[in-house]
Amino acid sequence: MPRSDGIFDVAVIGAGAAGMMTAAVAGQRGLRVVLIDHAERLAEKIRISGGGRCNFTNLGTSPAQFLSRNPDFCRSALRAYGPRDFLDLLRTHGVSWHEKHRGQLFCDDSSESIIDVLRRECEAGGVAWRMPCAVRSVAREDGGFMLATESGTIRAAQLVLATGGMAIPQLGATDFSLRVARQFGLKIVEPRPALVPLTFDAQAWQPFAALSGVALEVRLSHEASSPQERTKRHRGPARTEFFEDLLFTHRGLSGPGILQISSYWQPGDPIHIDLAPGQAVADILIAAKSGGRQTLLTALSGIWPRRLAEAWLSEDSGRRLADIPDRQLRALGDRIRDWTLWPTGTAGYKKAEVMSGGVDTGELDQRSLQAHRCPGLYVIGEAVDVTGWLGGYNFQWAWASGVACGRALVRL
Ligand code: FDA
């Protein structure tokens with residue numbers, strides 16, 4: 001039976017991946033926990049993730065796959081609770097999984113099984129639920145916190161902000177954690193959409209719009225514009241590279257490769273795409289010259305999807321290879337191996353998988369996620385300036401930060 005008497009050791013706001021994990025861990029340690037969420041349905045982002053199968057972790061998780069002003073911040077939580085620990089939890093609940101691609105683990109069945117695991121773990125910890133329940137205000141009171149909510153006043157000695165990021169507002173995502181963090185004087189790293197499609201000037205994109213739906217494997221790279229810019233945003237490597245699929249859309253580019261590079265991209269930056277990685281395009285075309293009457297289009301279609309070759313060559317499509325000087329084929333090969341593009345924007349939070357930025361890691365203790373300047377206040381999950389690559393890393397951060405916080409909370 002939930003112990004819900006309106007006064008708790010801990011109030012957790014946000015019953016998503018990180019919030020449920022913290023509530024369960026703290027509840028099972030004997031703390032009186034209330035978990036509050038404004039949504040009608042539980043953990044919608046887990047439900048829709050990984051195409052309904054939830055890519056719940058990545059076996060190769062390390063701090064190298066996270067962006068943050070302090071990329072080392074996540075190290076302690078990830079070391080204390082890694083992918084194997086989450087697999088142990090799934091095993092105890094009889095949930096089976098499979099590896100799909102480069103360490104990415106998905107449920108065999110459906111993402112509902114992950115939600116069920118967390119719900120049952122919360123039950124085992126006697127967690128009290130307030131859902132759906134909007135929180136109107138948060139105030140400090142007698143060293144603890146007083147929350148004015150739709151379901152009345154809740155008092156708790158400690159408060160955990162776990163409302164995630166702003167991606168997919170249509171699912172009820174908000175900036176609640178950032179607003180409350182600001183209220184208590186915590187610094188915020190400017191939030192922005194990440195793991196998001198990139199868009200281009202409509203006119204400049206017009207020749208490629210017809211390619212919507214074409215996908216191919218490419219190598220993408222991005223270079224941070226200046227050392228100052230790098231330090232301001234994240235202290236990752238100057239050059240970032242991904243070898244992943246690219247997808248053409250009506251408005252621009254998407255697919256896993258673009259989502260990955262989008263987290264590093266800033267307005268004004270170019271991105272570089274090698275559209276035929278590992279292929280000596282110019283040498284292949286020059287060698288094909290001896291093949292009689294072959295056109296440039298036919299030769300390039302041997303390397304690429306034909307629709308892409310047609311759009312790329314336009315009026316040159318019908319030219320016979322034998323009539324084209326080697327120097328022009330070399331220039332064509334160079335353009336294909338380094339297609340430099342200047343995106344004009346992103347598809348925004350509506351299409352993003354995550355928010356990057358968030359509560360500045362300098363404000364938080366990396367072992368407990370407690371705010372230095374506001375004892376008793378904790379921030380976990382996506383609301384913190386820790387953003388993972390695509391591939392299960394964001395859930396692993398949610399589990400790890402949730403467990404770190406759940407273990408650090410105290411009974412008062
Ligand atoms: P999360 O978003 O899980 O939970 C926040 C909770 O807070 C929600 O329940 C919300 O209703 C609640 N809330 C928000 N505002 C509130 C307010 N004002 N008052 C009360 N409650 C409020 N990651 C990954 O590793 N593998 C994957 O396969 C995917 N796939 C994926 C697909 C799509 C479409 C999206 C949008 C995202 C992913 N992600 C992902 C990212 C992953 O879903 C995300 O990083 C985690 O869910 C973050 O966990 P949190 O607990 O921090 O927030």
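Atoms considered below: every heavy atom in the structure, side chains included; atoms not considered: hydrogens, waters and symmetry mates. Start at 1 and go down the list; that is how both ligands and their atoms are numbered.
Relative ring orientation between Phe66 and Tyr393 is described as perpendicular, the plane-to-plane angle rising above 60° on a 0-90° scale split at 30° and 60°. By the 30° and 60° cut-offs, the orientation of the rings of Trp205 relative to Phe200 is parallel.
Using modelled atom types, one finds a donor on one side chain and an acceptor on the other under 3.5 Å when comparing Asp365 with Ser368. Side-chain contact check for His222 and Arg239: no donor-acceptor pair (N or O, by modelled atom type) lies under 3.5 Å. In the model, Thr295 has a side-chain atom that pairs as donor or acceptor with a side-chain atom of Thr298 under 3.5 Å.
Of all the atoms in ligand 1, the ones that sit under 4.0 Å from a non-hydrogen atom of Gly381 are 52 (O). Counting the atoms of ligand 1 from 1 in the order shown, those under 4.0 Å from a heavy atom of Gly50 are 28 (O), 30 (N). In summary, the atoms of ligand 1 found under 4.0 Å from a heavy atom of Ala17, numbered by their order in the structure, are 3 (O), 49 (O), 51 (O). Of all atoms in ligand 1, numbered sequentially from 1 with element shown, those under 4.0 Å from a heavy atom of Ser49 are 27 (C), 28 (O), 29 (C), 30 (N), 31 (C), 32 (C). When each atom of ligand 1 is checked for a heavy atom of Tyr393 under 4.0 Å away, the hits are 25 (O). Within ligand 1, the atoms closer than 4.0 Å to a non-hydrogen atom of Ile48 are 34 (C), numbered from 1 in the order shown. Per-residue contacts place Ile168 under 4.0 angstrom from the following atoms of ligand 1 (heavy atoms of the residue considered): 36 (C). Distances below 4.0 Å separate heavy atoms of Ala39 from the following atoms of ligand 1: 11 (O).
Assignment of Gly172 to the shell around ligand 1 is supported, since a heavy atom sits closer than 4.0 Å. Within the 4.0 Å heavy-atom cutoff, Ala162 counts among the residues contacting ligand 1. Using a non-hydrogen distance threshold of 4.0 Å, Val135 does not register as a contact of ligand 1. Assignment of Ala134 to the shell around ligand 1 is not supported, since no heavy atom sits closer than 4.0 Å.
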Under 3.5 Å, which donor-acceptor pairs do the side chains of residues 351-361 form with other protein atoms, sequence neighbours left out?
{"residue": "Asp360", "atom": "OD1", "partner": "Gly362", "partner atom": "N", "Å": "2.9"}

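The existence of a salt bridge linking Arg53 and Glu112 is excluded, since no basic side-chain nitrogen approaches an acidic carboxylate oxygen closer than 4.0 Å. Note on Asp334 versus Arg337: no salt bridge recorded, every NZ/NE/NH1/NH2 to OD/OE distance being 4.0 Å or above.
Between atom NZ of residue Lys45 and atom CD of residue Glu382 there is a gap of 5.0 Å, rounded to the nearest 0.5 Å.
Ranked by closest heavy atom to atom 46 (C) of ligand 1, the top entry among Trp399, Phe395, Tyr349 is Phe395. Looking at Met355, Glu150, Met21, Glu353 and measuring to atom 35 (C) of ligand 1, the nearest heavy atom belongs to Glu353. Which of Thr149, Asn55, Ile36 comes nearest to atom 28 (O) of ligand 1 through a heavy atom is settled by distance: it is Asn55.
The backbone N or O of Leu409 sits less than 3.5 Å from a side-chain atom of Arg29, completing a donor-acceptor pair.
For Glu121, the salt bridge (Lys or Arg N to Asp or Glu O under 4.0 Å) test picks out no residue, with sequence neighbours left out.
If you look at Thr163 next to ligand 1, the close heavy atoms, those under 4.0 Å, come from the backbone and the side chain alike. Residue contacts with ligand 1 for Ala167 are absent, since no atom lies close enough (heavy atoms, distance under 4.0 Å).
Among all non-hydrogen protein atoms, the one lying nearest atom 51 (O) of ligand 1 is Ala18 N, 2.8 Å.
The shortest N or O to N or O distance between Asp37 and ligand 1 is under 3.5 Å.
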